[in-house]
Amino acid sequence: MKSPLLTLPGAVPAEGVDEGVAAHYGDLFREQRALADGTGFVDLSHRGVVAVTGEDRLAWLHLLLTQHVSDLPAGRATEALILSANGHIEHALYLVDDGATVWAHVEPGTQEALIAYLESMKFFYKVEVADRTDDIAIVHLPAGSIAEVPEGVVVRETPHGRDLFLPRADLEAYAAQTGPPAGILAYEALRVEQHRPRLGFETDHRTIPHELGWIGSAVHLQKGCYRGQETVARVQNLGKPPRRLVFLHLDGSEVHLPVAGTELRLVDDGPDGRKVGFITTSARHHELGPVALALVKRNVAVDAPLVAGDTAAAQEVVVEP
């Protein structure tokens, strides 16, 4: 879905999964600094929006999600995953209940598969699931923002900012009064700095929650009754995940960032050494310079210098080995 905000001055369209919104509006670092200072907004109107209504909505979702939501208070934000039977991550949901409806935003284009799964699990529960992507747009206000929220708009408030479930028809008017806009590249650079994983970026077909630090924030260890729980419990109690998320400081002298999928090797092993991981997201940060998130094998020493393609990389621990 193409955002009307792509007509704003300087807007450069994003590509790939974020197609439909602006990558930036002409000044990536200025946009990052604005978000870091708590000003402006990010157009995330390409994200999928799913609404669940009905008196059983929380009890029903509690059985399907990795998060404890049966007693979720109205207005409290949370996040949750849906796993495969083998414990691999299939969906990531960013949730809030407004007292009558559970609202979730999800990765662009994933809402149809998510809704198909939810519909298949309704059974006798009094719930209704709806795709609201066509009429609701997600707008992100950064932490510290004092921008006004229109009356009646559902808000999902987190330490990283507020996600507004804004009527899509109001998007242009709200942008005009809330600016300046920041593109998805600025938002992503701050996400990388904050070590926050993203479905489809930090995940592949075999990712389990422990590898990304999603235990606790998106996976509640004191509840059961969800698909994939056995894998979560087994790894938590008896073992360690095969990979771990790391934050990388990249050599700033390189002109080009290593792209997602770039293989990581130990510096000591030389250019023909074995692969020990790969870049998942890279970004240029307004203060830290070139940075990245990556998945590496669990047994890679936390202080081992790495190389991403031809770019030197130094680790910061996100998930303990």
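The structure presented is a predicted model; accordingly, all values stated were derived computationally and were not measured.
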Taking side chain to side chain contact (heavy atoms under 4.5 Å, CB included) as the criterion, tell me which of V219, L221, T231 meets it with Q236.
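That would be L221.
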
Nearest heavy-atom pair of [X] and [Y]: which atoms, and what distance?
X    : Y    : answer
A14  : I184 : CB-CG2, 3.9 Å
V69  : L61  : CG2-C, 3.9 Å
R244 : E320 : CD-C, 4.4 Å
P241 : E211 : CB-CG, 3.6 Å
V235 : I208 : CG2-CD1, 4.0 Å

Less than 6.0 angstrom from the centroid, inside 45 degrees of the normal: does R191 satisfy that with respect to the ring of F201?
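Yes - R191 lies over the ring of F201, closer than 6.0 Å to its centre and within 45° of its axis.
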
Could you tell me if the side chain of E31 sits less than 4.5 Å from the side chain of Y187, heavy atoms only?
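Sidechains of E31 and Y187: no contact.
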
So side-chain hydrogen bond (donor to acceptor under 3.5 Å, both in side chains) across residues 285-299, not counting sequence neighbours, yields Q32-H286, E193-H285

With no hydrogens and no angle check, is any side-chain donor or acceptor of T101 less than 3.5 Å from a backbone partner on W103?
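Between the backbone of W103 and the side chain of T101 there is no qualifying donor-acceptor contact (under 3.5 Å).
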
Is T7 reaching over with its side chain to a backbone N or O of P4, donor-acceptor style, under 3.5 angstrom?
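Such a contact is found between T7 side chain and P4 backbone.
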
Does [X] [atom1] have over 12 foreign heavy atoms under 6.0 Å away?
X    : atom1 : answer
E112 : CD    : no
K2   : NZ    : no
K122 : NZ    : yes

Using the side-chain contact (heavy atoms from CB on, under 4.5 Å) criterion, which residues pair with A304? Sequence neighbours excluded.
L266, V300, A301, Q315

Aromatic ring proximity H88/H205, centre distance under 6.0 Å:
no

